[in-house]
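Notes follow the structure.
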2 protein chains.
Amino acid sequence: MTTDERDLGRSLKLLWGGRTRPGRGRPPALSLERIVAAAIEVADELALTEGFEALSMRAIAQRLGVGTMSLYRYVPGKSELLDLMLDHVMDVPDETGGPDRGWREILSAAARQHWRLCLDHPWYPFVDQSRPLLGPRSMLGLDRLLALLRPSGIDDRTLLMMISVQNDHVESVARRYVNERRVERRTGVTTEEFWAAQAPTLEKAMNSGDYPVMADLADDTFDFSYEQLFEFGLARLHDGFAAHVDL
Amino acid sequence: MTTDERDLGRSLKLLWGGRTRPGRGRPPALSLERIVAAAIEVADELALTEGFEALSMRAIAQRLGVGTMSLYRYVPGKSELLDLMLDHVMDVPDETGGPDRGWREILSAAARQHWRLCLDHPWYPFVDQSRPLLGPRSMLGLDRLLALLRPSGIDDRTLLMMISVQNDHVESVARRYVNERRVERRTGVTTEEFWAAQAPTLEKAMNSGDYPVMADLADDTFDFSYEQLFEFGLARLHDGFAAHVDL
DNA sequence: GTTAAATAGCGTATGCCATACGCGAAGGGG
DNA sequence: CCCCTTCGCGTATGGCATACGCTATTTAAC
(Lines give C-alpha, C1' and ligand atoms only; values in the text may rest on other atoms or scores of the structure.)
Protein backbone atom coordinates (compact mmCIF):
# COMPACT_ATOMS: atom_id res chain seq x y z
CA MET A 1 0.00 0.00 0.00
CA THR A 2 1.14 3.45 -0.64
CA THR A 3 0.45 7.03 0.18
CA ASP A 4 0.86 7.57 -3.47
CA GLU A 5 -1.59 9.76 -5.30
CA ARG A 6 -2.63 11.75 -2.31
CA ASP A 7 -3.44 15.41 -2.46
CA LEU A 8 -0.76 16.78 -0.23
CA GLY A 9 -2.39 20.12 0.26
CA ARG A 10 -5.55 18.47 1.55
CA SER A 11 -3.54 16.21 3.80
CA LEU A 12 -1.69 19.14 5.30
CA LYS A 13 -4.93 21.02 5.90
CA LEU A 14 -6.43 18.02 7.66
CA LEU A 15 -3.28 17.36 9.66
CA TRP A 16 -2.91 20.90 10.86
CA GLY A 17 -6.54 21.45 11.68
CA GLY A 18 -8.35 24.64 10.97
CA ARG A 19 -11.63 22.81 10.59
CA THR A 20 -14.64 24.99 11.18
CA ARG A 21 -18.03 24.04 12.58
CA PRO A 22 -20.68 26.03 10.79
CA GLY A 23 -23.78 26.12 12.94
CA ARG A 24 -25.97 25.49 9.98
CA GLY A 25 -26.68 22.04 8.63
CA ARG A 26 -26.98 18.53 9.90
CA PRO A 27 -24.45 17.93 12.65
CA PRO A 28 -21.82 15.32 11.94
CA ALA A 29 -22.21 11.94 13.63
CA LEU A 30 -18.52 11.19 13.35
CA SER A 31 -15.31 13.10 13.73
CA LEU A 32 -11.97 12.96 12.04
CA GLU A 33 -10.45 11.79 15.29
CA ARG A 34 -12.84 8.87 15.67
CA ILE A 35 -12.25 7.81 12.09
CA VAL A 36 -8.48 7.91 12.45
CA ALA A 37 -8.68 6.00 15.73
CA ALA A 38 -10.93 3.35 14.21
CA ALA A 39 -8.69 3.04 11.16
CA ILE A 40 -5.69 2.48 13.41
CA GLU A 41 -7.57 -0.15 15.41
CA VAL A 42 -8.57 -2.05 12.30
CA ALA A 43 -5.10 -1.74 10.81
CA ASP A 44 -3.51 -3.02 14.02
CA GLU A 45 -5.62 -6.15 13.83
CA LEU A 46 -5.39 -6.73 10.11
CA ALA A 47 -1.64 -6.25 10.00
CA LEU A 48 -1.23 -9.35 12.16
CA THR A 49 -3.65 -11.48 10.19
CA GLU A 50 -4.62 -10.61 6.64
CA GLY A 51 -1.88 -8.09 6.15
CA PHE A 52 -1.90 -4.36 5.85
CA GLU A 53 -3.24 -4.34 2.29
CA ALA A 54 -6.49 -5.78 3.60
CA LEU A 55 -7.23 -2.43 5.23
CA SER A 56 -10.19 -1.06 3.32
CA MET A 57 -12.48 1.89 3.69
CA ARG A 58 -15.34 -0.55 4.08
CA ALA A 59 -13.64 -2.30 6.99
CA ILE A 60 -13.08 1.02 8.72
CA ALA A 61 -16.67 2.10 8.15
CA GLN A 62 -17.99 -1.20 9.47
CA ARG A 63 -15.94 -0.79 12.61
CA LEU A 64 -17.65 2.54 13.12
CA GLY A 65 -21.06 1.21 12.17
CA VAL A 66 -21.53 3.66 9.31
CA GLY A 67 -21.74 3.42 5.54
CA THR A 68 -18.54 3.37 3.60
CA MET A 69 -19.20 6.60 1.78
CA SER A 70 -19.81 8.50 4.97
CA LEU A 71 -16.09 8.49 5.60
CA TYR A 72 -15.60 10.62 2.52
CA ARG A 73 -17.40 13.49 4.22
CA TYR A 74 -14.44 13.72 6.57
CA VAL A 75 -11.49 12.62 4.50
CA PRO A 76 -10.79 13.18 0.79
CA GLY A 77 -9.54 9.64 0.27
CA LYS A 78 -7.71 6.69 1.67
CA SER A 79 -4.26 8.15 1.03
CA GLU A 80 -4.98 11.19 3.13
CA LEU A 81 -6.38 8.97 5.87
CA LEU A 82 -3.11 7.05 5.84
CA ASP A 83 -1.26 10.33 6.30
CA LEU A 84 -3.39 11.07 9.33
CA MET A 85 -2.83 7.59 10.74
CA LEU A 86 0.91 7.90 10.34
CA ASP A 87 1.02 11.17 12.18
CA HIS A 88 -1.36 9.99 14.88
CA VAL A 89 0.72 7.03 16.01
CA MET A 90 3.98 8.98 16.09
CA ASP A 91 5.14 9.39 19.58
CA VAL A 92 7.30 12.05 20.98
CA PRO A 93 10.62 11.11 22.56
CA ASP A 94 10.73 11.17 26.31
CA GLU A 95 12.40 14.27 27.53
CA THR A 96 12.88 12.75 30.93
CA GLY A 97 16.27 11.30 31.66
CA GLY A 98 19.27 13.30 32.59
CA PRO A 99 20.22 16.20 30.42
CA ASP A 100 23.73 14.83 30.23
CA ARG A 101 22.95 11.96 27.90
CA GLY A 102 25.19 11.83 24.88
CA TRP A 103 23.88 11.72 21.33
CA ARG A 104 24.43 8.01 21.15
CA GLU A 105 22.20 7.26 24.09
CA ILE A 106 19.55 9.61 22.79
CA LEU A 107 19.57 8.09 19.33
CA SER A 108 19.46 4.60 20.80
CA ALA A 109 16.41 5.48 22.82
CA ALA A 110 14.76 6.98 19.75
CA ALA A 111 15.52 3.87 17.71
CA ARG A 112 14.09 1.59 20.36
CA GLN A 113 11.02 3.74 20.61
CA HIS A 114 10.59 3.58 16.84
CA TRP A 115 11.07 -0.18 16.93
CA ARG A 116 8.38 -0.47 19.56
CA LEU A 117 6.09 1.72 17.46
CA CYS A 118 6.55 -0.66 14.54
CA LEU A 119 5.63 -3.63 16.69
CA ASP A 120 2.68 -1.88 18.34
CA HIS A 121 1.33 -0.80 14.96
CA PRO A 122 2.58 -3.53 12.68
CA TRP A 123 1.19 -1.81 9.59
CA TYR A 124 3.43 1.17 10.14
CA PRO A 125 6.56 -0.10 8.42
CA PHE A 126 4.49 -1.19 5.42
CA VAL A 127 3.11 2.22 4.60
CA ASP A 128 5.04 3.69 1.75
CA GLN A 129 6.61 6.83 3.13
CA SER A 130 8.59 7.62 0.04
CA ARG A 131 7.43 11.23 0.24
CA PRO A 132 7.09 11.78 3.97
CA LEU A 133 4.70 14.40 5.23
CA LEU A 134 5.21 16.23 8.47
CA GLY A 135 2.13 16.37 10.66
CA PRO A 136 1.95 18.02 14.06
CA ARG A 137 3.01 14.98 16.02
CA SER A 138 5.84 14.06 13.67
CA MET A 139 6.92 17.66 13.79
CA LEU A 140 6.82 17.64 17.57
CA GLY A 141 8.77 14.40 17.74
CA LEU A 142 11.43 15.73 15.41
CA ASP A 143 11.57 19.02 17.28
CA ARG A 144 12.08 17.35 20.62
CA LEU A 145 14.60 14.88 19.30
CA LEU A 146 16.61 17.67 17.73
CA ALA A 147 16.39 19.63 20.95
CA LEU A 148 17.92 16.71 22.79
CA LEU A 149 20.62 16.19 20.18
CA ARG A 150 21.69 19.77 19.56
CA PRO A 151 23.87 20.01 22.68
CA SER A 152 26.10 17.39 21.06
CA GLY A 153 27.37 20.12 18.79
CA ILE A 154 26.64 18.12 15.66
CA ASP A 155 25.30 20.36 12.90
CA ASP A 156 21.62 20.21 12.18
CA ARG A 157 21.85 18.77 8.70
CA THR A 158 24.02 15.92 9.86
CA LEU A 159 21.57 15.24 12.67
CA LEU A 160 18.72 15.00 10.19
CA MET A 161 20.64 12.61 7.99
CA MET A 162 21.54 10.47 11.00
CA ILE A 163 17.90 10.29 12.07
CA SER A 164 16.73 9.49 8.57
CA VAL A 165 19.20 6.68 8.05
CA GLN A 166 18.50 5.25 11.46
CA ASN A 167 14.74 5.30 10.99
CA ASP A 168 15.09 3.58 7.64
CA HIS A 169 17.11 0.85 9.27
CA VAL A 170 14.57 0.32 12.02
CA GLU A 171 11.66 0.17 9.62
CA SER A 172 13.41 -2.16 7.20
CA VAL A 173 14.17 -4.75 9.84
CA ALA A 174 10.79 -4.30 11.51
CA ARG A 175 9.06 -4.92 8.20
CA ARG A 176 10.66 -8.32 7.87
CA TYR A 177 10.14 -9.13 11.51
CA VAL A 178 6.46 -8.27 11.50
CA ASN A 179 5.90 -10.12 8.26
CA GLU A 180 7.54 -13.26 9.58
CA ARG A 181 5.34 -13.21 12.66
CA ARG A 182 2.26 -12.67 10.56
CA VAL A 183 3.01 -15.48 8.16
CA GLU A 184 3.77 -17.86 11.01
CA ARG A 185 0.56 -16.95 12.78
CA ARG A 186 -1.47 -17.25 9.63
CA THR A 187 -0.12 -20.38 8.09
CA GLY A 188 1.01 -22.14 11.25
CA VAL A 189 4.32 -22.78 9.51
CA THR A 190 7.35 -21.53 11.37
CA THR A 191 10.28 -20.11 9.51
CA GLU A 192 12.33 -23.17 10.29
CA GLU A 193 9.67 -25.50 8.93
CA PHE A 194 9.45 -23.30 5.88
CA TRP A 195 13.12 -23.60 5.13
CA ALA A 196 13.09 -27.29 5.90
CA ALA A 197 10.37 -27.76 3.31
CA GLN A 198 12.44 -25.99 0.69
CA ALA A 199 15.59 -27.89 1.62
CA PRO A 200 15.37 -30.40 -1.27
CA THR A 201 15.26 -27.69 -3.92
CA LEU A 202 18.04 -25.71 -2.35
CA GLU A 203 20.08 -28.81 -1.61
CA LYS A 204 20.11 -29.65 -5.29
CA ALA A 205 21.28 -26.14 -6.08
CA MET A 206 24.05 -26.46 -3.51
CA ASN A 207 25.18 -29.77 -4.93
CA SER A 208 25.33 -28.34 -8.44
CA GLY A 209 28.65 -26.74 -7.66
CA ASP A 210 27.48 -23.39 -8.96
CA TYR A 211 27.45 -21.86 -5.51
CA PRO A 212 30.60 -23.05 -3.81
CA VAL A 213 30.64 -20.43 -1.11
CA MET A 214 26.96 -20.79 -0.26
CA ALA A 215 27.42 -24.54 -0.08
CA ASP A 216 30.33 -24.06 2.26
CA LEU A 217 28.42 -21.94 4.77
CA ALA A 218 27.84 -23.52 8.14
CA ASP A 219 24.25 -24.54 8.70
CA ASP A 220 23.73 -21.94 11.39
CA THR A 221 25.09 -19.02 9.39
CA PHE A 222 21.59 -17.68 8.79
CA ASP A 223 20.49 -18.27 12.37
CA PHE A 224 20.25 -14.73 13.55
CA SER A 225 17.07 -13.11 14.71
CA TYR A 226 15.62 -9.85 13.53
CA GLU A 227 16.26 -8.40 16.96
CA GLN A 228 19.92 -9.26 16.50
CA LEU A 229 19.93 -7.68 13.06
CA PHE A 230 18.29 -4.59 14.51
CA GLU A 231 20.92 -4.31 17.22
CA PHE A 232 23.76 -5.06 14.84
CA GLY A 233 22.76 -2.39 12.35
CA LEU A 234 22.10 0.14 15.07
CA ALA A 235 25.45 -0.41 16.74
CA ARG A 236 27.29 -0.19 13.41
CA LEU A 237 25.48 3.00 12.48
CA HIS A 238 26.26 4.59 15.81
CA ASP A 239 29.89 3.55 15.60
CA GLY A 240 29.96 5.12 12.17
CA PHE A 241 28.34 8.29 13.46
CA ALA A 242 30.95 8.42 16.21
CA ALA A 243 33.79 8.10 13.72
CA HIS A 244 32.30 10.91 11.69
CA VAL A 245 31.49 13.23 14.54
CA ASP A 246 33.75 12.75 17.52
CA LEU A 247 36.78 12.47 15.32
CA MET B 1 2.55 -3.90 -3.68
CA THR B 2 3.66 -6.98 -1.93
CA THR B 3 4.84 -10.46 -2.55
CA ASP B 4 2.46 -11.36 0.15
CA GLU B 5 0.27 -14.38 -0.25
CA ARG B 6 2.48 -16.16 -2.70
CA ASP B 7 2.92 -19.86 -2.72
CA LEU B 8 6.59 -20.10 -1.93
CA GLY B 9 6.92 -23.68 -3.04
CA ARG B 10 5.57 -22.83 -6.46
CA SER B 11 7.83 -19.81 -6.68
CA LEU B 12 10.87 -21.86 -5.86
CA LYS B 13 9.95 -24.49 -8.44
CA LEU B 14 9.54 -21.84 -11.10
CA LEU B 15 12.72 -20.05 -10.09
CA TRP B 16 14.85 -23.14 -10.11
CA GLY B 17 13.46 -24.57 -13.31
CA GLY B 18 12.78 -28.23 -13.77
CA ARG B 19 10.02 -27.46 -16.21
CA THR B 20 9.27 -30.30 -18.55
CA ARG B 21 8.11 -30.16 -22.15
CA PRO B 22 5.75 -33.00 -22.76
CA GLY B 23 5.65 -33.64 -26.49
CA ARG B 24 1.96 -34.14 -26.31
CA GLY B 25 -0.56 -31.31 -26.53
CA ARG B 26 -0.75 -27.89 -28.06
CA PRO B 27 2.64 -26.21 -27.98
CA PRO B 28 2.89 -23.09 -25.85
CA ALA B 29 2.99 -19.77 -27.67
CA LEU B 30 4.73 -18.02 -24.80
CA SER B 31 7.46 -18.87 -22.36
CA LEU B 32 8.14 -18.00 -18.77
CA GLU B 33 11.16 -16.03 -19.87
CA ARG B 34 9.21 -13.90 -22.32
CA ILE B 35 6.55 -13.19 -19.71
CA VAL B 36 9.08 -12.16 -17.10
CA ALA B 37 10.90 -9.97 -19.60
CA ALA B 38 7.68 -8.29 -20.68
CA ALA B 39 6.62 -7.78 -17.08
CA ILE B 40 9.93 -6.10 -16.33
CA GLU B 41 9.59 -3.87 -19.38
CA VAL B 42 6.12 -2.77 -18.41
CA ALA B 43 7.13 -2.27 -14.78
CA ASP B 44 10.14 -0.18 -15.80
CA GLU B 45 7.87 2.17 -17.71
CA LEU B 46 5.03 2.29 -15.21
CA ALA B 47 7.30 2.89 -12.26
CA LEU B 48 8.31 6.23 -13.74
CA THR B 49 4.78 7.32 -14.59
CA GLU B 50 1.78 5.73 -12.92
CA GLY B 51 3.74 4.05 -10.20
CA PHE B 52 4.55 0.45 -9.54
CA GLU B 53 1.08 -0.38 -8.25
CA ALA B 54 -0.26 0.23 -11.73
CA LEU B 55 1.46 -2.95 -12.88
CA SER B 56 -1.35 -5.33 -13.73
CA MET B 57 -1.61 -8.73 -15.29
CA ARG B 58 -3.68 -7.17 -18.02
CA ALA B 59 -0.97 -4.65 -18.88
CA ILE B 60 1.61 -7.42 -19.11
CA ALA B 61 -0.65 -9.53 -21.30
CA GLN B 62 -1.36 -6.59 -23.59
CA ARG B 63 2.33 -5.97 -24.01
CA LEU B 64 2.65 -9.57 -25.18
CA GLY B 65 -0.47 -9.38 -27.33
CA VAL B 66 -2.20 -12.22 -25.51
CA GLY B 67 -5.23 -12.57 -23.30
CA THR B 68 -4.83 -11.85 -19.61
CA MET B 69 -5.67 -15.35 -18.52
CA SER B 70 -3.09 -16.92 -20.76
CA LEU B 71 -0.42 -15.77 -18.35
CA TYR B 72 -1.86 -18.06 -15.72
CA ARG B 73 -0.84 -21.08 -17.79
CA TYR B 74 2.76 -20.14 -17.02
CA VAL B 75 2.63 -18.54 -13.62
CA PRO B 76 0.39 -19.37 -10.63
CA GLY B 77 -0.26 -15.72 -9.84
CA LYS B 78 1.05 -12.21 -9.74
CA SER B 79 3.03 -12.71 -6.54
CA GLU B 80 5.05 -15.53 -8.01
CA LEU B 81 5.65 -13.47 -11.13
CA LEU B 82 7.04 -10.73 -8.92
CA ASP B 83 9.40 -13.25 -7.36
CA LEU B 84 10.64 -14.15 -10.82
CA MET B 85 11.05 -10.50 -11.78
CA LEU B 86 13.05 -9.81 -8.63
CA ASP B 87 15.44 -12.62 -9.31
CA HIS B 88 15.72 -11.83 -12.99
CA VAL B 89 16.99 -8.28 -12.55
CA MET B 90 19.53 -9.18 -9.87
CA ASP B 91 22.96 -8.79 -11.19
CA VAL B 92 26.07 -10.51 -10.10
CA PRO B 93 28.96 -8.47 -8.71
CA ASP B 94 31.85 -8.00 -11.03
CA GLU B 95 34.67 -10.28 -10.14
CA THR B 96 37.06 -8.25 -12.16
CA GLY B 97 39.22 -5.81 -10.29
CA GLY B 98 42.24 -6.72 -8.32
CA PRO B 99 41.99 -9.54 -5.84
CA ASP B 100 43.54 -7.27 -3.25
CA ARG B 101 40.51 -5.06 -2.71
CA GLY B 102 39.53 -4.70 0.89
CA TRP B 103 36.03 -5.45 2.16
CA ARG B 104 35.17 -1.79 2.18
CA GLU B 105 35.87 -1.32 -1.48
CA ILE B 106 33.99 -4.48 -2.34
CA LEU B 107 30.94 -3.49 -0.31
CA SER B 108 31.01 -0.01 -1.80
CA ALA B 109 30.98 -1.46 -5.29
CA ALA B 110 28.11 -3.75 -4.36
CA ALA B 111 26.14 -0.85 -2.89
CA ARG B 112 26.65 1.27 -5.97
CA GLN B 113 25.62 -1.61 -8.16
CA HIS B 114 22.48 -2.08 -6.09
CA TRP B 115 21.76 1.63 -6.29
CA ARG B 116 22.06 1.50 -10.06
CA LEU B 117 19.76 -1.50 -10.12
CA CYS B 118 17.15 0.49 -8.21
CA LEU B 119 17.39 3.34 -10.71
CA ASP B 120 17.39 1.07 -13.77
CA HIS B 121 14.34 -0.78 -12.47
CA PRO B 122 12.58 1.84 -10.42
CA TRP B 123 9.91 -0.58 -9.26
CA TYR B 124 12.50 -2.71 -7.53
CA PRO B 125 12.69 -0.86 -4.21
CA PHE B 126 8.89 -0.82 -3.99
CA VAL B 127 8.43 -4.56 -4.07
CA ASP B 128 7.83 -5.78 -0.57
CA GLN B 129 10.68 -8.15 0.13
CA SER B 130 9.75 -8.76 3.72
CA ARG B 131 10.24 -12.47 3.16
CA PRO B 132 13.02 -12.59 0.62
CA LEU B 133 13.27 -15.58 -1.64
CA LEU B 134 16.56 -16.76 -3.08
CA GLY B 135 16.41 -17.49 -6.80
CA PRO B 136 19.34 -18.64 -8.90
CA ARG B 137 20.59 -15.18 -9.77
CA SER B 138 20.22 -13.83 -6.24
CA MET B 139 21.98 -16.91 -5.01
CA LEU B 140 24.77 -16.42 -7.52
CA GLY B 141 25.14 -12.77 -6.59
CA LEU B 142 25.33 -13.59 -2.91
CA ASP B 143 27.75 -16.42 -3.55
CA ARG B 144 30.11 -14.25 -5.55
CA LEU B 145 29.90 -11.36 -3.12
CA LEU B 146 30.70 -13.65 -0.21
CA ALA B 147 33.56 -15.14 -2.19
CA LEU B 148 35.03 -11.67 -2.61
CA LEU B 149 34.51 -10.78 1.05
CA ARG B 150 35.69 -13.95 2.73
CA PRO B 151 39.40 -13.13 2.41
CA SER B 152 38.75 -10.25 4.78
CA GLY B 153 38.57 -12.79 7.56
CA ILE B 154 35.19 -11.51 8.74
CA ASP B 155 32.96 -14.38 9.80
CA ASP B 156 30.18 -15.38 7.45
CA ARG B 157 27.30 -14.41 9.67
CA THR B 158 28.65 -10.93 10.18
CA LEU B 159 29.13 -10.60 6.44
CA LEU B 160 25.50 -11.52 5.86
CA MET B 161 24.29 -9.00 8.40
CA MET B 162 26.48 -6.31 6.86
CA ILE B 163 25.10 -7.03 3.40
CA SER B 164 21.53 -7.06 4.65
CA VAL B 165 21.80 -3.77 6.48
CA GLN B 166 23.57 -2.15 3.55
CA ASN B 167 21.00 -3.33 1.02
CA ASP B 168 18.19 -2.04 3.21
CA HIS B 169 19.84 1.34 3.33
CA VAL B 170 20.27 1.50 -0.43
CA GLU B 171 16.69 0.48 -1.10
CA SER B 172 15.23 2.87 1.46
CA VAL B 173 16.95 5.90 -0.02
CA ALA B 174 16.34 4.74 -3.58
CA ARG B 175 12.65 4.39 -2.84
CA ARG B 176 12.39 8.03 -1.88
CA TYR B 177 14.61 9.15 -4.71
CA VAL B 178 12.66 7.29 -7.36
CA ASN B 179 9.36 8.45 -5.97
CA GLU B 180 10.43 12.06 -5.99
CA ARG B 181 11.49 11.82 -9.62
CA ARG B 182 8.24 10.15 -10.54
CA VAL B 183 6.06 12.72 -8.81
CA GLU B 184 8.00 15.57 -10.39
CA ARG B 185 7.69 14.04 -13.82
CA ARG B 186 4.01 13.30 -13.39
CA THR B 187 2.77 16.48 -11.80
CA GLY B 188 5.34 18.87 -13.19
CA VAL B 189 5.81 20.21 -9.68
CA THR B 190 9.34 20.13 -8.42
CA THR B 191 10.07 19.35 -4.81
CA GLU B 192 11.02 22.94 -4.17
CA GLU B 193 7.77 24.22 -5.62
CA PHE B 194 5.94 21.66 -3.55
CA TRP B 195 7.45 22.87 -0.32
CA ALA B 196 6.98 26.46 -1.33
CA ALA B 197 3.28 25.80 -1.80
CA GLN B 198 3.03 24.35 1.69
CA ALA B 199 5.04 27.14 3.23
CA PRO B 200 2.04 29.10 4.59
CA THR B 201 0.71 26.15 6.56
CA LEU B 202 4.11 25.25 7.91
CA GLU B 203 4.98 28.88 8.56
CA LYS B 204 2.00 29.17 10.85
CA ALA B 205 3.09 26.07 12.71
CA MET B 206 6.58 27.50 13.10
CA ASN B 207 5.24 30.78 14.42
CA SER B 208 3.08 29.00 17.00
CA GLY B 209 6.11 28.52 19.21
CA ASP B 210 5.35 24.83 19.61
CA TYR B 211 8.37 23.83 17.57
CA PRO B 212 11.17 26.08 18.70
CA VAL B 213 13.98 23.97 17.35
CA MET B 214 12.33 23.37 13.98
CA ALA B 215 11.68 27.09 13.71
CA ASP B 216 15.31 27.79 14.47
CA LEU B 217 16.68 25.57 11.70
CA ALA B 218 18.42 27.36 8.88
CA ASP B 219 16.43 27.38 5.67
CA ASP B 220 18.89 25.14 3.90
CA THR B 221 19.02 22.48 6.60
CA PHE B 222 16.88 20.12 4.54
CA ASP B 223 18.77 20.86 1.35
CA PHE B 224 20.51 17.58 0.86
CA SER B 225 19.98 15.31 -2.08
CA TYR B 226 19.15 11.64 -1.97
CA GLU B 227 22.53 10.92 -3.49
CA GLN B 228 24.10 12.71 -0.55
CA LEU B 229 21.96 10.75 1.88
CA PHE B 230 22.95 7.54 0.12
CA GLU B 231 26.64 8.39 0.42
CA PHE B 232 26.30 9.57 3.98
CA GLY B 233 24.60 6.42 5.18
CA LEU B 234 26.96 4.20 3.27
CA ALA B 235 30.05 5.90 4.66
CA ARG B 236 28.68 5.76 8.21
CA LEU B 237 27.82 2.09 7.87
CA HIS B 238 31.25 1.25 6.54
CA ASP B 239 32.94 3.25 9.28
CA GLY B 240 30.83 1.31 11.74
CA PHE B 241 31.76 -1.99 10.12
CA ALA B 242 35.41 -0.99 10.34
CA ALA B 243 35.13 -0.22 14.04
CA HIS B 244 33.52 -3.60 14.59
CA VAL B 245 35.84 -5.64 12.46
CA ASP B 246 39.29 -4.15 12.20
CA LEU B 247 39.38 -3.30 15.86
C1' DG C 1 -43.53 28.90 13.55
C1' DT C 2 -42.34 28.15 9.09
C1' DT C 3 -39.15 27.82 5.52
C1' DA C 4 -34.85 27.72 3.10
C1' DA C 5 -29.98 26.92 3.20
C1' DA C 6 -26.48 24.06 4.43
C1' DT C 7 -24.58 19.95 5.59
C1' DA C 8 -24.38 14.85 6.68
C1' DG C 9 -25.48 9.92 5.57
C1' DC C 10 -25.06 6.79 2.27
C1' DG C 11 -27.11 3.68 -1.80
C1' DT C 12 -25.90 2.99 -6.22
C1' DA C 13 -22.93 2.95 -10.15
C1' DT C 14 -18.38 2.85 -12.44
C1' DG C 15 -14.30 1.03 -13.56
C1' DC C 16 -10.39 -0.92 -11.89
C1' DC C 17 -8.12 -5.35 -10.08
C1' DA C 18 -6.76 -10.69 -9.47
C1' DT C 19 -8.17 -14.83 -10.65
C1' DA C 20 -11.49 -19.44 -10.85
C1' DC C 21 -13.67 -22.03 -14.26
C1' DG C 22 -14.68 -24.23 -18.41
C1' DC C 23 -14.97 -24.37 -23.39
C1' DG C 24 -13.01 -24.79 -27.85
C1' DA C 25 -8.74 -25.05 -30.50
C1' DA C 26 -4.41 -27.08 -31.77
C1' DG C 27 -0.99 -30.21 -32.00
C1' DG C 28 1.59 -35.07 -31.47
C1' DG C 29 1.67 -40.12 -30.27
C1' DG C 30 -0.56 -44.18 -31.08
C1' DC D 1 -6.53 -40.66 -38.57
C1' DC D 2 -8.03 -39.95 -34.03
C1' DC D 3 -7.76 -39.09 -29.31
C1' DC D 4 -5.60 -37.08 -25.54
C1' DT D 5 -3.19 -33.54 -23.74
C1' DT D 6 -2.23 -29.00 -23.29
C1' DC D 7 -3.00 -24.17 -24.43
C1' DG D 8 -5.54 -19.70 -25.29
C1' DC D 9 -8.67 -17.08 -23.30
C1' DG D 10 -13.86 -15.33 -22.69
C1' DT D 11 -16.65 -14.91 -19.01
C1' DA D 12 -17.91 -14.58 -14.27
C1' DT D 13 -17.03 -13.48 -9.35
C1' DG D 14 -15.98 -10.79 -5.76
C1' DG D 15 -13.00 -7.36 -4.09
C1' DC D 16 -11.51 -2.47 -4.15
C1' DA D 17 -11.70 3.08 -4.18
C1' DT D 18 -14.57 6.46 -5.06
C1' DA D 19 -17.95 9.89 -8.07
C1' DC D 20 -22.58 11.28 -7.94
C1' DG D 21 -26.93 12.53 -6.38
C1' DC D 22 -30.87 11.75 -3.40
C1' DT D 23 -32.71 12.07 1.22
C1' DA D 24 -32.55 13.31 5.95
C1' DT D 25 -31.49 16.48 9.48
C1' DT D 26 -30.38 20.52 11.48
C1' DT D 27 -30.36 25.77 12.29
C1' DA D 28 -30.66 30.63 10.72
C1' DA D 29 -33.58 33.81 8.92
C1' DC D 30 -37.90 35.53 8.31
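What you see below is based on every heavy atom in this structure, not just the backbone, and it leaves out hydrogens, waters and symmetry mates.
Distance CD (Gln62(A)) to C1' (dC10(C)): 14 Å, rounded to an integer number of Å. The CD-C1' distance, from Glu50(B) to dC17(C), rounds to 15 Å in whole Å. For Leu64(A) and dG9(C), the CG to C1' distance is 13 Å, given to the nearest whole Å. The CE-C1' distance, from Met57(B) to dA20(C), rounds to 13 Å in whole Å. Atom P of nucleotide dC17(C) and atom CG of Leu81(B) are separated by 15 Å, given to the nearest angstrom. At whole-Å resolution of the value, CG in Leu55(B) and C1' in dT19(C) are 15 Å apart. The OH-C1' distance, from Tyr72(B) to dC23(C), rounds to 19 Å in whole Å.
Distance OG1/Thr49(B) to CG/Asp44(B): 11.0 Å, rounded to 0.5 Å.
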Enumerate all atom pairs, one protein N or O and one N or O from nucleotides 4-10 of chain D, separated by less than 3.5 Å.
unit_1	atom_1	unit_2	atom_2	d
dC7(D)	O2	Arg26(B)	NH1	3.2
dG8(D)	OP1	Ala29(B)	N	2.7
dG8(D)	OP1	Tyr74(B)	OH	3.1
dG8(D)	OP2	Tyr74(B)	OH	3.0
dG8(D)	N7	Arg73(B)	NE	3.1
dG8(D)	O6	Arg73(B)	NH2	2.5
dC9(D)	OP2	Gly67(B)	N	3.0
dC9(D)	OP2	Ser70(B)	OG	3.0

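Under 4.0 angstrom from either OP1 or OP2 of dC16(D) there lies at least one side-chain N or O belonging to Arg58(A).
Residues Tyr124(A) and Gln129(A) bring a donor and an acceptor atom of their side chains to less than 3.5 Å of each other. Of the N and O atoms on the side chains of His114(A) and Glu171(A), at least one donor lies less than 3.5 Å from an acceptor on the other residue. Between the side chains of Glu180(B) and Thr191(B), at least one donor-acceptor pair of N or O atoms lies under 3.5 Å.
For residues 163-190 of chain A, the pairs satisfying ring-ring contact (aromatic ring centres under 6.0 Å, His included) are Trp115(A)-Tyr177(A), with sequence neighbours left out.
Nearest heavy atom pair, residue Leu55(B) against residue Ala39(B), reads CD1-O, 4.1 Å.
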